[in-house]
> 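Dropping the structure in here first, questions after.
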Amino acid sequence: MLSAALLSTSMPLYASLARTPEEIFFGEGVQVVSQATRDFPLTLELVEEIRAQDWAIAVSPEVYAFIAVEGRAVVVRGIEVDSFLRLEGIGAELDIGTEFLLLGRGLADDLGVRSGDNLLLPGSLRPLLMEAIVDDVLDLPGAAADEMLMDLPRTRLLAGLGPESITLVRVGVEDGQELLDYLVSSNADLLVGDGQGSLRVEEGRVLDDRIGALLLTRPELAQELGRSYISVFAQSSGNSLRVLVLGMEVLTFALFTLIFVSSLVRFLVENRRSVGLIVALGGRLRALLSTYGRKILGLGLLAGFLGFIIGMGIGVLLDTIGAFKFFGHVLRYSPDPWQAFILLSLYTATLLLALILSLLFLLVQRPRDLLYEPPERKFEEVEGEPG
């Protein structure tokens, strides 16, 4: 039961962690364009040029600042409201000025903030305290539900960036190849990613961004190349994070197997005499399976089902209280039917394999060793002085 609860709680949370970069920066049909060198910076002129193309559905220039509000890590995303909402597929029209502060519903509920409240926002990389009024609380999907959305100039101020800086540009397209072809024809030197990989457009060629993952561990190198570390994270963290999550899944499965097998072995050891009697009478694997297999499988599947229910309850509770966060975003516990089927199949296969291997191990033992327990060793204290 404990092992099943461990699987059903941890695995969906691991999957949510692996999806986080994609949910923050990407989405269906969204390409991220970021700076590759200081010689070709992202500019609003480039944004307008891409917007003028027939294939561009929406173009959103964005700046990011990472701050702490009331002890909670918060992502402030600088945006142009209309472009951002169009990219996210939200048709709402907001009556706000050039300076605005919008909160996702999840973040607002967590901070206990409502429309019209005043917030004091600290600087991200330099001493600064900015007062801002919450213009509205929005029911936003995905990662934006845990973010602050602010106008670009004030977000640059929080992030300590220059007056024209853009961290990255998110472009909504039906065919990403059209964006690549346009940047190639423009002789741009930029990075383009879709969440699965990152490509560099340079001197009319499209190349793999081979050093992208290296920059995640060498921030000073990113600075030397003129790349924003946040844009490096957006372009290259997906694959790196998936490798990390895979390692966590392997370790969790190893712990699950250890708990599972130890419980099964203990049960069989406690019934070793009965097993030895069956073996002494000539019974083989089929006889042992007939005697113990049905009982163990029945109890194991029942315990597994109850464990999965308990684990899912724990996962929902952790989701409700927002226990786990990554870059200020709550890791959502949302197991899908396919994932639940895989976990149940994995549990059942492990149960069956562990049962067969345990019984095969007992079959190769001598019946006498199974029927009679070895005498306990007794240690007698010898009195007298050492000789």
> If hydrophobic clusters are built from ILVMFWY residues whose side chains come within less than 4.5 Å, do I24 and V74 share one?
no

> Surrounding CE of M312 (heavy atoms of other residues, nucleotides or ligands, distance under 6.0 Å), is the total greater than 12?
no

> Taking all non-hydrogen atoms of both residues, which atom of F100 and which atom of V81 are closest, and how far apart?
CZ-CG2, 3.2 Å

> Look up atom CG in D110 and atom CZ in R72, then write down how far apart they are to the nearest 0.5 Å.
4.5 Å

> Between R114 and D136, is there a salt bridge with N-O shorter than 4.0 Å?
no

> Could you check if a side-chain atom of L85 sits within less than 4.5 angstrom of a side-chain atom of L94, using non-hydrogen atoms only?
yes

> With side-chain contact (heavy atoms from CB on, under 4.5 Å) as the criterion, how do V69 and V113 come out once you've worked through the C-alpha distance, each side chain's angles and the decisive distance to 0.1 Å?
CA-CA 11 Å; V69 179; V113 174; over 6 Å; no

> Would you say D194's side chain and G197's backbone share a donor-acceptor pair under 3.5 angstrom?
yes

> Within the distance-only criterion (no hydrogens, no angle test), does the side chain of D135 pair as donor or acceptor with the backbone N or O of L101 below 3.5 angstrom?
yes

> CG of L13 to CG of L318: how many Å apart, nearest 0.5 Å?
6.5 Å

> Same cluster or not: are F26 and V192 linked, directly or through other Ile, Leu, Val, Met, Phe, Trp or Tyr residues, by side-chain heavy atoms under 4.5 angstrom apart?
no

> Indicate if L161 and L44 have the same hydrophobic cluster label, given that clusters are the connected sets of ILVMFWY residues with side-chain heavy-atom separations under 4.5 angstrom.
no

> Are L121 and R154 close enough that some pair of their side-chain heavy atoms sits under 4.5 Å apart?
no

> With a 4.5 Å limit on heavy-atom distance, are the side chains of L241 and F326 in contact?
yes

> Examine F308 and I259 and state if one hydrophobic cluster contains both, with Ile, Leu, Val, Met, Phe, Trp and Tyr joined whenever side-chain heavy atoms are less than 4.5 Å apart.
yes

> To the nearest 0.5 Å, what is the distance between CG on L158 and CE on M150?
5.5 Å

> Please name the pair of heavy atoms, one in T155 and one in V76, separated by the smallest distance, quoted to 0.1 Å.
CG2-O, 3.9 Å

> Counting only heavy atoms from other residues, nucleotides and ligands, does the tally under 6.0 Å from CD1 of I133 exceed 12?
no

> Does a side-chain heavy-atom distance below 4.5 Å link L6 with L255?
yes

> Are there over 12 heavy-atom neighbours, none belonging to Q196, within less than 6.0 Å of that residue's CD?
yes

> For S60 and R77, run side-chain contact (heavy atoms from CB on, under 4.5 Å): C-alpha distance rounded to whole Å, both residues' side-chain angles, the deciding distance at 0.1 Å, then the answer.
CA-CA 11 Å; S60 176; R77 189 192 300 242; over 6 Å; no

> Please find the pair of heavy atoms, one from L190 and one from Q35, that lie closest to each other, and give the distance.
CD2-CA, 4.2 Å

> Within a 6.0 Å radius of atom CD on E174, are there more than 12 heavy atoms belonging to other residues, nucleotides or ligands?
no

> When you measure from the side chain of R170 to the backbone N and O of F25, does any donor-acceptor pair fall under 3.5 Å?
yes

> Donor-acceptor pair, R156 side chain versus P163 backbone, under 3.5 Å?
yes

> Closest heavy-atom contact between A5 and S8?
O-OG, 3.3 Å

> Can you tell me how far apart CG (L119) and CD1 (I67) are? Round to the nearest 0.5 Å.
8.5 Å

> Kindly compute the distance separating OH (Y14) from CD (E249), expressed to the nearest 0.5 Å.
8.0 Å

> Hey, what do you get for OG1 (T320) to OH (Y333), rounding to the nearest 0.5 Å?
11.5 Å

> Please determine if R105 and D139 form a salt bridge, counting it only when a charged side-chain N lies under 4.0 Å from a carboxylate O.
yes

> Find out whether L301 and F305 are in side-chain contact, i.e. whether some heavy atom of one side chain is under 4.5 Å from a heavy atom of the other.
no

> What closest approach, in Å, do T167 and S34 show between heavy atoms, and which atom pair accounts for it?
O-CB, 4.3 Å

> Counting C-beta onward and ignoring hydrogens, is there a side-chain heavy-atom pair between L157 and M130 closer than 4.5 Å?
yes

> For the pair S185 (side chain) and Y182 (backbone), establish whether a donor and an acceptor sit closer than 3.5 Å, ignoring hydrogens and angles.
yes

> Would you find a donor on one side and an acceptor on the other, under 3.5 Å apart, between the side chain of R86 and the backbone of G172?
no

> So, do F256 and F253 have ring centers that fall under 6.0 Å from each other?
yes

> Between E48 and R51, is there a side-chain N and carboxylate O pair less than 4.0 Å apart?
yes

> Check L42 against L168 and note the closest heavy-atom contact, atom names and distance.
CD1-CA, 3.7 Å

> Are the side chains of E62 and F84 in contact, using a 4.5 Å heavy-atom criterion?
yes

